[in-house]
Undergrad: 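Please find one structure pasted underneath; my questions will follow.
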There are 4 protein chains.
Amino acid sequence: MTPDPKSERRSERARRAILDAAFDLVSRKGFAKVTIEAIAAQAGVGKPTIYRWWRSKGAVVLEAMNEELGDDFAFPDTGDIAADLTTQITAVTQRLITGRISEAFKGVMGEAQNDPALMKAFRETILEPSIAECRARLDSAVAAGQLRSDVPTDVMVDLFYAPIHYRHFLGFGDDAVRRSADLVQDVLLGLQPRSDAG
Amino acid sequence: MTPDPKSERRSERARRAILDAAFDLVSRKGFAKVTIEAIAAQAGVGKPTIYRWWRSKGAVVLEAMNEELGDDFAFPDTGDIAADLTTQITAVTQRLITGRISEAFKGVMGEAQNDPALMKAFRETILEPSIAECRARLDSAVAAGQLRSDVPTDVMVDLFYAPIHYRHFLGFGDDAVRRSADLVQDVLLGLQPRSDAG
Amino acid sequence: MTPDPKSERRSERARRAILDAAFDLVSRKGFAKVTIEAIAAQAGVGKPTIYRWWRSKGAVVLEAMNEELGDDFAFPDTGDIAADLTTQITAVTQRLITGRISEAFKGVMGEAQNDPALMKAFRETILEPSIAECRARLDSAVAAGQLRSDVPTDVMVDLFYAPIHYRHFLGFGDDAVRRSADLVQDVLLGLQPRSDAG
Amino acid sequence: MTPDPKSERRSERARRAILDAAFDLVSRKGFAKVTIEAIAAQAGVGKPTIYRWWRSKGAVVLEAMNEELGDDFAFPDTGDIAADLTTQITAVTQRLITGRISEAFKGVMGEAQNDPALMKAFRETILEPSIAECRARLDSAVAAGQLRSDVPTDVMVDLFYAPIHYRHFLGFGDDAVRRSADLVQDVLLGLQPRSDAG
DNA sequence: CTCTAAGCGAGACGGTACGTCACGTCTTTAA
DNA sequence: TTAAAGACGTGACGTACCGTCTCGCTTAGAG
């Protein structure tokens with residue numbers, strides 16, 4: 001995220017203050033009503049300090065969100081793929097809906113629709129690592145004979161995750177998003193290995 | 001979309017010019033780079049005329065997009081539900097990706113993440129009518145015994161449409177979106193009626 | 001004032017409503033804060049009806065002020081020129097300061113600084129008639145040997161009236177304006193006929 | 001004039017460009033036809049930079065006029081009060097009528113009729129200093145026995161200056177204003193000390 | 001253990017667009 | 001055939017932020 005992290009002299013204090021202010025403001029006022037000026041003011045920082053290290057408001061908020069999320073994309077593995085998927089998807093929806101992440105996520109994704117660089121950063125730092133973890137778990141389920149082997153696991157990932165984001169971005173409401181985990185069973189039906197044809 | 005369509009004194013000429021200008025500008029420059037001033041200028045119209053009838057840029061572009069789409073949400077019905085779904089979903093993705101709608105749609109949806117009124121308008125004028133058509137077709141397929149009767153058809157709609165929008169909004173690229181119709185077969189597998197249990 | 005008074009079909013009701021509304025609004029809000037839209041609204045009249053008969057807000061207010069003033073510019077004549085001048089000038093300042101005319105007058109004159117046509121109308125309908133009355137009285141005083149005959153009476157008029165307007169327009173405050181009548185005596189001293197040279 | 005002249009970060013370049021542009025535009029087009037946008041454009045400056053330092057167009061033009069006038073309100077003192085007054089009043093009228101100041105002055109004063117803060121600023125920066133100089137000269141003339149001692153000198157100032165502004169603001173025309181100096185003699189007659197009573 | 005260059009806060013600057021107001025004109029509806 | 005009502009094109013308003021650009025100040029690392 002940091003365009004030029006080379007400098008050793010960068011003030012960690014300022015960086016933290018900016019990310020904290022950004023996250024707090026977005027959570028409280030909504031992404032659209034937050035300005036870089038307001039972030040700078042709340043962080044007790046000059047605007048140029050923000051522009052020096054980030055390209056846009058979206059970039060700041062994405063990094064703030066990343067810090068909030070942490071690096072933990074690990075997928076549970078109890079041996080029961082259906083249970084593990086349900087667990088994980090429930091966790092994701094909770095974080096998306098009730099968590100403090102919600103506003104930041106919607107804001108960043110809205111912005112990213114018109115900002116390819118921001119979209120790229122989001123995918124690289126959040127989406128793709130998390131997809132990779134999911135695929136790894138699905139691969140092991142395929143190897144265990146719990147899932148069909150003739151459907152690519154990246155397609156499976158899409159099938160499991162799509163409903164969450166579909167409902168989230170198209171305004172179906174928090175309850176609908178929260179119930180996304182219920183679809184896991186229906187999707188799984190189509191992905192079970194079958195002796196009796198295809 | 002028009003907040004106050006009651007007045008019969010409204011100038012249809014101005015309305016058309018505004019919608020045409022908005023759609024053209026968004027298609028050519030991208031949603032984010034279009035301003036209401038530019039729309040007014042290109043339409044040969046005063047800014048107040050725009051603000052008199054629309055709440056925001058998003059509202060104008062949504063209405064322009066609606067006019068472009070027309071009212072036709074009809075679902076094909078050949079008797080073969082798999083074929084019909086593939087046909088329809090292919091059509092939707094084409095329109096979303098290659099069509100002139102693309103930029104407007106992304107822009108409006110990005111905006112709608114932070115504008116509940118805009119989201120509501122989108123759902124009422126586009127999404128819900130189109131879901132209703134799909135459900136009607138699925139209902140008839142259920143009645144014909146082509147689909148399981150124990151999964152609500154609104155859930156089925158989500159399963160079929162989610163991948164498109166998921167790939168579209170999360171930056172998977174046009175090719176991935178275009179291939180969304182391929183998932184229909186996999187989803188259908190889980191929705192087939194089964195005498196032999198699950 | 002009426003640019004085109006030819007039409008016999010002009011609505012006297014509308015004219016009265018407009019002038020009353022204009023005068024009332026200017027008195028209550030001050031000239032600068034009154035708009036033609038507001039006058040039309042309060043008068044229950046369409047804007048074009050105002051524009052049909054007057055060139056500008058200043059013209060409306062000037063006419064309203066004229067109606068309020070009436071046609072009476074008569075100068076008292078008790079035979080004592082000093083007393084008559086004091087009487088008249090006191091009356092003028094009272095009307096200017098305490099009267100309902102005050103706001104309208106300041107507004108119109110402020111506007112007239114940049115609107116020659118308005119200035120001309122003001123002079124023709126108010127200033128010049130009132131100067132003429134004053135000169136007539138001064139002429140009779142000269143004839144009666146109460147004033148020097150070698151100073152033109154129009155200059156005398158200026159000397160008597162100038163302080164009022166000077167203090168009024170240059171912001172000396174209402175009290176200073178009100179005391180303008182006190183200067184009559186001092187000015188008169190220089191205008192008395194003198195046997196002993198000049 | 002500057003509402004907040006404290007900041008030492010203020011750009012003198014911008015200030016000069018704004019005042020120069022304002023004065024030039026007012027001189028060429030007349031006060032009423034000048035907009036803050038036009039001043040900003042001609043000065044090569046953003047509108048906010050004007051609003052940061054001035055309350056209104058009138059305030060800008062007043063300051064521009066002040067700079068044009070300079071601080072020199074000195075009154076001549078040759079020992080002959082009649083000659084000095086004529087000299088000074090001729091100078092004032094010349095500056096008012098023919099000078100580049102003319103349009104700015106009329107515009108500001110017209111505005112000031114409805115803007116007390118502007119009137120106050122005008123009085124403090126221009127009118128009162130200039131009155132003070134005049135009174136000082138009159139005081140010395142009184143002390144020299146050239147003027148009556150029983151008329152307050154501030155009243156005398158009014159008598160001498162009133163005709164100029166009266167004729168100027170009430171539309172008597174440039175020639176009448178220019179001839180205002182002629183009245184000095186007549187006014188002086190009433191202000192001469194008299195042993196022989198009055 | 002200075003010294004000097006960086007990164008910093010602060011905030012003014014030239015801009016762009018905002019959303020609003022009132023203008024003066026034009027069109028439509030009802031009396 | 002007026003006049004009310006009010007939508008229209010226009011242009012300026014005053015404001016909010018943008019992203020850039022000085023400024024001094026501080027502060028840490030290289031000499």
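Hydrogens, waters and symmetry mates are skipped; everything else that's a heavy atom, side chains included, is used. Keep in mind that this is a model prediction, so the values were computed, not measured.
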Undergrad: Using heavy atoms to find the nearest nucleotide of DNA chain E for B:K57 and A:G44 separately, return the residue whose nucleotide is more 5′.
TA: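 The 5'-side residue here is A:G44.
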Undergrad: Let me spell it out: for each of B:E12 and C:V45, pick the nucleotide of DNA chain F with the closest heavy atom. Which residue's pick is nearer the 5' end?
TA: C:V45
Undergrad: Taking the nucleotide of DNA chain E with the nearest heavy atom to each, does A:G46 or C:A38 sit closer to the 5' end?
TA: A:G46
Undergrad: Using a strict threshold of under 4.0 Å (side-chain N to carboxylate O), is an ion pair present between A:E103 and A:K29?
TA: no
Undergrad: Rounded at 0.5 Å granularity, tell me how far CD1 in C:I101 sits from CD in C:E68.
TA: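 Taking CD1 in C:I101 and CD in C:E68, the distance rounds to 4.5 Å.
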Undergrad: So which heavy atom on B:V108 is nearest to which on B:L118, and how close?
TA: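 So the two residues come closest at O-CD2, 3.8 Å.
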Undergrad: Compare side-chain N and O positions of C:R15 against OP1 and OP2 of F:dA3 and report whether any pair is under 4.0 Å apart.
TA: no
Undergrad: Output yes when at least one side-chain N/O atom of D:R9 is less than 4.0 Å from OP1 or OP2 of F:dT22, else no.
TA: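 Answer is no, no contact under 4.0 Å.
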Undergrad: Side chain of A:R13: nearest nucleotide among E:dA12, E:dG14, E:dG9?
TA: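 So the side chain of A:R13 is nearest to E:dG9.
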Undergrad: Are C:E111 and C:K57 ion-paired here, with the side-chain N under 4.0 Å from a carboxylate O?
TA: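 Salt bridge: no.
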Undergrad: Dump every N/O contact between nucleotides 15-17 of chain F and the protein below 3.5 Å, one line per pair.
TA:
none

Undergrad: Quick one: is A:R52 getting a side-chain N or O under 4.0 Å of the E:dC8 phosphate, OP1 or OP2?
TA: yes
